[in-house]
Amino acid sequence: MAVTDAENPRLGETTCGSLLQKLQEIWNEVGESDEERDKMLLQLEQECLDVYQRKVELAANSRTQLLQALSDAKLELSSLVSALGEKSFVGVPEKTSGTIKEQLAAIAPVLEQLWKQKEDRVKEFSDVQSQIQKICGEIAGNLNLSESPAVDESDLSLKKLDEYQSQLHDLQKEKSERLHKVLEFVSTVHDLCAVLGLDFLSTVTEVHPSLNDSTGVQSKSISNDTLSRLAKTVLALKEDKKQRLHKLQESARQLLDLWNLMDTPDEERGFFDHVTCNISASVDEVTVPGALALDLIEQTEVEVERLDQLKSSRMKEIAFKKQSELEEIFARAHIEIDTEAAREKIMELIDSGNVEPTELLADMDDQIAKARDEALSRKDILDKVEKWMSACEEESWLEDYNRDENRYNASRGAHLNLKRAEKARILVNKIPALVDTLVAKTRGWEEDHGISFTYDGVPLLAMLDEYAMLRQDREEEKRRMRDQKKYQELQHTEQETIFGSKPSPARPVGTKKVVGPRANGGPNGTPSRRLSLNAHQNGSRSVTKDAKKDLRPVAPMNYVEIAKEDAASHISGSDSVPVSP
C-alpha cells in the first residue's frame, strides 16, 4: 500500500529521494544485507546512466539532424536565390544567431516564399517555351507537338525569361508576317479563281487543308512549304489568266472584224459586250468574276466560228450593199458608171477567193469616201445646174402661157398664173447670167481636177454650148416671126385701104407653136441627157425640125417636180448655191 502511494504522483510528489527512501524502508523491512543493497544501488545507478546515455545520444542525433536540416535549408536557399537570379533577397537572414531551431524557423518562411516564386517562374518559362515550340513547329510545318518543353530549373532568372520572351516576340512577329503573306496569297488566289471561273476551295485545299475555312481548322499553315506552294499557285494562276486574256482578246478582235464586215446590228453585238469590253484591257485590269472562264472563251470561239461560216455567204450581200451605196452617191452626183460591170467584178473577186473580204470591203469603203469627196466638190455646180434646169422649165411654161389667147379671161386660177408669169419673167432674165456662171465654174472645176465635168455621162460644157446654140436659134425664130407678123399686118392695112372694109382676122401663117431649142429634150432648150449625148457624139450636128415638133420637154432624171409657183419663187428669190445638209 505504501509502494502504491509512492508511485502514484497524484498522492504526492514522487522524486528519486522519496523512491530511494521507500527502497530503504523495504530493504529494512525485508532485511537485505548491505552487500546486496550496494549491489542493487550500483545496478540502479548503471541503469540510470544508461537511460541518460540514451537520452544524450538521442539529443545528439536530434541536434545533428537539425544542423543538417539547417545546412540543407541554407544550401537550398542559396540554390533558389541563385536559380531565380536574386542577388540580394530581402527575406534571407544575414547573420546566423540563436538556436538551431530558431535559425530553422527563420529560414523556413523564406524557403517557402522562394519555392512559390520558383514554381511561378517555372510555369512562366514553360508557357513561353511552349509558345516558342508551337510557333517554331508552325513555321517548320510540324503542327502535331505533344511533348511539353523541358524547363532548365538551374537558370530561372528574369534575364533568361526576358531572352525567351524576346525570342517569342520575334517569332510572333514573324508568324504575323507569315500569316499576313498567307492571307494575301489566299486573297489573290480567290480573286484569280473568281476571274478564271475556278473552284477556290479545292484550289487552296490542294495547297494545304488548313487554308480551307470550311474544314474547321482554326490556325492557318504558315510554313515555308505552304508559302512556297501558294506563291507557285499564284504564279500559275496569273500565267493562266494572261494566256486566257490573250486568247479571249484574239477572239474578240476576230468577233469585231466579223461584226464590222457583216454589219452586225448593235442588238446582236450586245450579247458579247462582256467580252469586247476587255479587248484592250491589261491583265491587272480584268477583275470581273467569270470574265475569263473557259466556257466564256469557248462560247466566244464558237460565235467566231459561226460568223466565219456565215461570212462567205453574206459577203456578196454586204459588198452589193456597199456597191449600192456607191451607186447612190454617183447617181446623186450625176456621175455615170457601169454598174453591171462593177457588180460582175465583185462577184468574180468573191468567188475566186483571191482577195480577203476585209480588203475588198476596205477598198470599197475607200471608193465610197472618194465618191463622197468628189460629190462634194461637184455640189456647187450641180446646184446651179438644177437652178438652170428649173429656170428653163419656167421659161417653157412662160412661152406656153404667152401663146394662150385666153390667158386674160376671168377663168379660175387666172390670177395665180398671172403672178407666176411675173415671177417667171424675172427668172428668165437671169438665165444668161446663170449660164455664164455655170460655164465659168465648170471650166474652173475642170482645170482643178484635170478631167471633164460630166452630167449623167454628158460633158456639161457641151450641154451648155448646145443650149446656147438652141437659144440663139430660138431668138432668130422669134425675130423671123415678128418680121412676118409685121409684113402680114402691112398687107392687111393695104387691103383695107383698097377694098374699104376690114377683113376677118386670120391666123398668121407662122402662128404654129415654136418649140425651138426645147425640142432637144430640155425645157426651153435644155438638152435632155439622150440628145445631149447625141450632140456630143455627133459634133455640131443640128436636130431636125421634125424632131423639134415631136419631142416634148423632159426634166432631168434627178429633178423632183414641185409646184410651178413655188419653183419660180424659189429660183427668182436667190442666185446663191444652197449648201447640202
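Look at Arg253 and Glu250 and you find a salt bridge, because one of the NZ, NE, NH1 or NH2 atoms lies within 4.0 Å of a carboxylate O, short of that distance. Between Arg343 and Glu348 there is no salt bridge, since no side-chain nitrogen of the basic residue lies less than 4.0 Å from a carboxylate oxygen of the acidic one. Using a 4.0 Å cut-off between a side-chain N of Lys or Arg and a carboxylate O of Asp or Glu, Arg332 and Glu328 qualify as a salt bridge. Between Asp383 and Lys379, at least one side-chain nitrogen of the basic residue sits less than 4.0 Å from a carboxylate oxygen of the acidic one, meeting the salt-bridge criterion. Salt bridge Glu119/Lys123: absent, no basic N to carboxylate O contact under 4.0 Å.
Remark: the backbone N or O of Val122 is not paired with any side-chain donor or acceptor of Ser126 at under 3.5 angstrom. Judged purely by atom type and a 3.5 angstrom limit, Arg229 has no side-chain atom pairing as donor or acceptor with the backbone of Asn224. The main-chain N or O of Leu67 is never found under 3.5 Å from a side-chain atom of Ser71 such that the two would form a donor-acceptor pair. Side chain of Ser79 to backbone of Leu75: no donor-acceptor contact under 3.5 angstrom is found.
Put simply, CG on Leu156 and NZ on Lys159 are 15.0 Å apart, with the number rounded to the nearest 0.5 Å. We find the CD-CG distance between Gln103 and Leu70 to be 5.0 Å, quoted to the nearest 0.5 Å. Here the CG-CD distance, from Leu168 to Gln172, works out to 4.0 Å after rounding to the nearest 0.5 Å. Glu124 contributes atom CD, which lies 8.0 Å from atom CG of Asp127 (distance to the nearest 0.5 angstrom).
Heavy-atom contacts from other residues, nucleotides or ligands closer than 6.0 Å to NE2 of His246 number 12 or fewer. Summarising the local packing, CD of Glu57 is surrounded by more than 12 heavy atoms from other residues, nucleotides or ligands at distances under 6.0 Å.
Counting heavy atoms from C-beta outward, Ser62 and Leu66 have side chains that approach closer than 4.5 Å. Side-chain contact check for Leu235 versus Lys232: every heavy-atom pair is 4.5 Å or farther apart. At least one side-chain heavy atom of Thr226 sits under 4.5 Å from a side-chain heavy atom of Leu211. Side chains of Phe330 and Glu336 form no contact here, defined as non-hydrogen atoms less than 4.5 Å apart. At least one side-chain heavy atom of Leu245 sits under 4.5 Å from a side-chain heavy atom of Leu292.
Between Ile222 and Arg178 the shortest heavy-atom distance is O-NH1, 2.9 Å. The two residues Thr203 and Cys193 have their closest heavy-atom pair at OG1-SG, 3.8 Å. Taking every heavy atom of both residues into account, Met364 and Gln323 meet most closely at CE-N, 3.5 Å. Contact between Glu138 and Lys175 at its shortest, heavy atoms only, is OE1-CE, 3.1 Å. Across Ser377 and His449, no two heavy atoms sit closer than the pair OG-NE2, 3.8 Å. Contact detail for Leu237 and Leu196: the closest heavy-atom pair is O-CD1, 3.7 Å.
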Sequence neighbours excluded and cut-off under 3.5 Å, please list the side-chain donor-acceptor pairs for residues 278-287, or say none.
{"from": "Glu285", "atom 1": "OE1", "to": "Ser282", "atom 2": "N", "distance (Å)": "3.0"}

Which donor-acceptor pairs under 3.5 Å do side chains of residues 294-305 form with protein atoms, sequence neighbours excluded?
{"from": "Thr300", "atom 1": "OG1", "to": "Leu296", "atom 2": "O", "distance (Å)": "2.9"}
{"from": "Glu303", "atom 1": "OE1", "to": "Arg306", "atom 2": "NE", "distance (Å)": "3.2"}
{"from": "Glu303", "atom 1": "OE2", "to": "Arg306", "atom 2": "NH2", "distance (Å)": "2.6"}

Return all side-chain donor-acceptor pairs below 3.5 angstrom for residues 255-262, not counting sequence neighbours, or 'none' if the list is empty.
{"from": "Asn260", "atom 1": "OD1", "to": "Arg269", "atom 2": "NH1", "distance (Å)": "3.3"}
{"from": "Asn260", "atom 1": "OD1", "to": "Arg269", "atom 2": "NH2", "distance (Å)": "3.3"}
{"from": "Asn260", "atom 1": "ND2", "to": "Leu256", "atom 2": "O", "distance (Å)": "3.1"}

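Each side-chain hydrogen bond (donor to acceptor under 3.5 Å, both in side chains) pair with one or both residues in residues 185-200, not counting sequence neighbours, appears once here: Asp199-Ser202. Sorted pairs that involve residues 263-295 and meet ring-ring contact (aromatic ring centres under 6.0 Å, His included), not counting sequence neighbours, are lacking altogether. Applying the ring-ring contact (aromatic ring centres under 6.0 Å, His included) test to pairs two or more places apart or on separate chains, those with a residue in residues 160-185 are Phe125-Tyr164. Sorted by first and then second residue, the ring-ring contact (aromatic ring centres under 6.0 Å, His included) pairs with a member in residues 354-379 form an empty list; sequence neighbours excluded.
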Margin query: side-chain hydrogen bond (donor to acceptor under 3.5 Å, both in side chains), that's the test. Do Gln65 and Asn61 meet it? Break it down for me.
Written below: CA-CA 6 Å; Gln65 292 176 356; Asn61 290 334; over 6 Å; no
Margin query: One pair to check against side chain to side chain contact (heavy atoms under 4.5 Å, CB included): Gln21 and Glu25. What are the steps and the verdict?
Written below: CA-CA 6 Å; Gln21 185 178 357; Glu25 290 176 355; 3.8 Å; yes
Check: Asp380 and Lys441: side chain to side chain contact (heavy atoms under 4.5 Å, CB included), yes or no, with the steps?
Finding: CA-CA 9 Å; Asp380 188 14; Lys441 286 185 174 292; 3.0 Å; yes
Next item on the list: Decide yes or no on side-chain hydrogen bond (donor to acceptor under 3.5 Å, both in side chains) for Gln167 and Glu163, but give the supporting numbers first.
Entry: CA-CA 6 Å; Gln167 181 182 359; Glu163 291 178 0; over 6 Å; no
Note to self: With side chain to side chain contact (heavy atoms under 4.5 Å, CB included) as the criterion, how do Glu36 and Trp27 come out once you've worked through the C-alpha distance, each side chain's angles and the decisive distance to 0.1 Å?
What the structure shows: CA-CA 10 Å; Glu36 289 293 331; Trp27 284 342; over 6 Å; no
Margin query: Please determine whether side chain to side chain contact (heavy atoms under 4.5 Å, CB included) holds for the pair Leu171 and Glu174, giving the CA-CA distance in whole Å, both sets of side-chain angles, and the decisive distance to 0.1 Å.
Written below: CA-CA 5 Å; Leu171 289 173; Glu174 183 179 355; 4.1 Å; yes
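Residues Ser210 and Ser221 have side chains that never bring a donor and an acceptor to within less than 3.5 angstrom of each other. Between the side chains of Asp225 and Ser223, no donor-acceptor pair is found at a separation under 3.5 Å. A donor-acceptor contact closer than 3.5 angstrom links the side chains of Gln68 and Asp72. Checked by atom type, the side-chain pair Gln113/Gln117 shows no donor-acceptor distance below 3.5 Å.
Judged as a salt bridge (charged side-chain N to carboxylate O under 4.0 Å, His left out), and not counting sequence neighbours, the contacts of Glu325 are Arg372. Gln165 meets the side chain to side chain donor-acceptor pair (under 3.5 Å) test with no other residue; sequence neighbours excluded. Qualifying salt bridge (charged side-chain N to carboxylate O under 4.0 Å, His left out) partners for Asp240, counting only residues two or more places apart in sequence or in other chains: Arg244. With sequence neighbours left out, the salt bridge (charged side-chain N to carboxylate O under 4.0 Å, His left out) criterion links Glu112 to no other residue. For the side chain to side chain donor-acceptor pair (under 3.5 Å) test, no residue two or more places apart in sequence or in another chain qualifies with Lys181.
Checked options Val151, Asp162, Leu161; the residue passing with Val128 is Leu161 (criterion: side chain to side chain contact (heavy atoms under 4.5 Å, CB included)).
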